[in-house]
Amino acid sequence: MTTPSVLDAEPPNLTAADAEEVARTMFGLTATAQPLVSERDQNFRLADDGGKDWVLKVSNAAEERGTVEMEVAAVERIAARDPGLPVPLARASLSSDPIAEVVVAGTSHLVRLIPWMAGRTAEPAELDEETIGEIGAVVARVGRALRGFFHPAAGRVILWDQQRLPLLFRHAGLVEDPERRDLLDRVIARLEARVLPALPGLRAQVIHNDITLDNLMLDGTGHVSGIIDFGDMAHTALVLDLPATLQSLVRGRTDVFAVADAFVAGYASVTPLESAEAEVLGDLLAGRMAQTILISAFRTRQYPDNAYIHGWAEPAWELLEQLDEIGFDEAAWRMAAIARAPLAHRVPTEPLLDRRRRVLGSALESLSYRHPLHLVRGQGAWMEAADGRRYLDAYNNVPVVGHAHPRVVAAVARQAATLNTNTRYLHEHVVELAERLVAAMPDGLDTVMFVNSGSEANDLAWRLATSFTGADAGIVTDWGYHGVTAAIADFSPSEWPHGEQPAGVETYPAPDTYRGRYADADDPASVAREEIIAAVARLAERGRRPAALFLDSTFTADGIFVPEPDVVAGLIGGARDAGALYVADEVQSGHGRTGEMWGFARWGVTPDVVTLGKPMGNGHPVAAVLTRAEIADRFGSRTTFFSTFGGNPVACAAALAVLDVLEDERLFAKAAAVGDELRSKLRDLAVHHPSIGDVRGRGLMTGVELVRDRATREPAGDVAARVKDEMAEHGVLIGASGRHGNVLKIRPPLCITHDEAALIASTLAEVLD
Ligand code: PMP
């Protein structure tokens, strides 16, 4: 391990007269010398007779010849590949080798003579966006020119290479201030968790690794006129050039992300970053700070008088403290967003919005949020917009196991690349999926029919119910939603045109535990029965009988309620007494949403029909109806059923992968635990925010009811709409539901972590403030 010993060894100790002597005898240059500062070598500025300036670089005695040869060769390579880059080509010595050797006080040192690079070094504060962008491009060009360059010395261990971070961690004990020590420990933990495992997978080559403002000369017009100090070169991750430069550009500045944006845009204009590089960029910046602090700490102990080394640590601490204040997670994702879509590649929303308006018509539901989001990718509980911003998805129950879950993606891709066909042929997938769904249901629900959407599933459930019962009306909650087909749109009062009730439908109020009859009743179960009996009676007045009670187990559109089981059992019992089937609409509440596999499990009643959709394929369209054989047979005796896409092998592959992931990642238990914790955090918020009237839900389906006044419980739908929009602007996506639109609907993917759930609560607190 050469380099640590270079850092350990005393720097060379030549006098200016020695330097002049070396220049003359070895390089044939008559000049006067002035010492320059350096960490571990010794440099002199030489002014020759002809008015030209040079730098005599005297390497540390412990420096290996190979390292110096590598530097010389790298500069030659850069000059050859990208002649526009101002790099210091070493001058040949009298022996024609650019590297000479000199013995001073019995110690041998390698020396080189390079041209003095004209220009001046800049301070971070004076840099404008354009210069920062140019510096970014220069850093990328140096990396590009070094692509494919190799020298055996590039494999040496150098502590300024973040691959070597573990060698530095042991010096953390030198930090005495307990707060800073704690900060450093947290950074080290992140580096161990996020950076070190990622580094071996990134693009690697020999890089400069130290293009800081100290090593960049700018000319009078602000353009780069010199790139110096190739002493920290290493064969390592290409992306490490970025934090090295960036830390220097942001020193003492508070607009870290604006600087990063301009810098990365410049870099990416030459070399776009890969997404794995973007992912770690923020942490690599923190890693560079940790390196600086740790190297400074042990070097300071070695050389208490070297002010140059002392000076490093403070700005590094300041930047780390700044990142800590923002939150390292937040900083990392903002940096990743910048790196994925740097300024130069940002897509404006307006043109797409116009095109969409022109072709998608006015009936399509309007876009979510005041400022429409143009989302381009998702991962876990996060989605990313075309402008690079990331959003925590706390709204979407479709990607139940997380956006773009690799196992689901792989299963879909594999099957799509193999065969996609229909259920008129034998295929394992559809049979296996049906078997697994049946196995996951209570006894009796033994038959599965596949369709493509929740609406179709409910439509088929309706056909099963009418054929089985001979009746022709449905009962639903008075602000429920069950889908879009002609029959099912009738069963979706929240969407009734002008609120007009179709003749074949009767409604009852959802069992609201916060206000209304149920909330005030001593025996809400008997209220439930009464409500259903009354609905049945209203149907009877019109000469109709109920074929089905459709019930969304989380009452999502109605406002998200969690009634006691006996209340819902009362509803179901009342409907069954009138001859109706109980259709458990699990399109929202199924697949673990409630912390259990099925939302209806809580009621202790086995449904006659269960409909599944939304989360079933994690985004791939697949839906199903489960029922008893006798019900399916009655339908089958009158007609046959076939859906072209229903149960196709690709859809089934997606659904099978979802079942696997739900199980393997234990997502039900996670949903239950994270959901409870989220609601407890939200209830804590209610202490300071009187607009929160009620917090309720189960698993990862949560409703936060906003009111104008807790005493009157007057719904505050306008506030909820604003909160929803502002949450989006703060990077957290939620919805609103209920008749008055005043219930915040928080329904993230089940893979959401405790920290991400905490971010929902803290963002809501900020917005309500
Ligand atoms: N049932 C419920 C409870 C729903 O929430 C929805 C969709 N929001 C549907 C059915 C209809 O599903 P799809 O949009 O897939 O047709």
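Numbering of ligands and ligand atoms starts at 1, following listing order. Quick caveat, the model's predicted, so the values are computed rather than measured. Starting from 1, each residue takes its place in the sequence as its number.
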Check: Quick check: are there more than 12 heavy atoms from other residues, nucleotides or ligands sitting under 6.0 Å from CG of D664?
Finding: yes
Practice task
May I ask you to establish whether K745 and Y395 are in a cation-pi arrangement, using a distance under 6.0 Å from NZ or CZ to the six-membered ring centre and at most 45° from the ring axis?
Solution key: no
Requested in this report: Please state whether the rings of W598 and H591 are parallel, tilted or perpendicular, taking 30° and 60° as the class boundaries.
Outcome: perpendicular
Checking heavy atoms under 4.0 Å, the part of N458 that sits near ligand 1 is side chain
| said: Could you check whether any heavy atom of T556 sits closer than 4.0 Å to an atom of ligand 1, since that is the contact criterion I want to use? | reply: no
Within the side chain of T513, is there an N or O that forms a donor-acceptor pair under 3.5 Å with the backbone of F561? no
Closest to atom 15 (O) of ligand 1 among protein heavy atoms sits G454 N, 2.9 Å
inquiry  = Atom OH of residue position Y369 - does it have more than 12 heavy atoms of other residues, nucleotides or ligands inside 6.0 Å?
reply    = yes
Note: ligand 1 atoms sitting under 4.0 Å from heavy atoms of D552 are 3 (C)
When distances are taken from atom 14 (O) of ligand 1, the protein heavy atom at minimum range is S455 OG, 4.2 Å
Keeping the roles fixed (side chain from T469, backbone from A471), state whether a donor-acceptor pair exists under 3.5 Å. yes
Atom 1 (N) of ligand 1 has as its nearest protein heavy atom D585 OD2, 2.7 Å
Please say whether the positively charged group of R602, taken as NZ for Lys or CZ for Arg, lies over the ring of F600, i.e. under 6.0 angstrom from the six-membered ring centre and within 45 degrees of the axis. no
Judged by heavy atoms only, the candidate from V587, L551, N397 nearest atom 9 (C) of ligand 1 is V587
Under 4.0 angstrom from ligand 1, any heavy atom of V484?
no
For atom 10 (C) of ligand 1, the closest protein heavy atom turns out to be H482 O, 3.1 Å
Atom 8 (N) of ligand 1 has as its nearest protein heavy atom K614 CE, 3.0 Å
Of all protein heavy atoms, the one nearest atom 5 (O) of ligand 1 is Q588 NE2, 2.7 Å
Note: ligand 1 atoms sitting under 4.0 Å from heavy atoms of S453 are 15 (O), 16 (O)
In D552, D490, L551, the residue satisfying side chain to side chain contact (heavy atoms under 4.5 Å, CB included) with H482 is D552
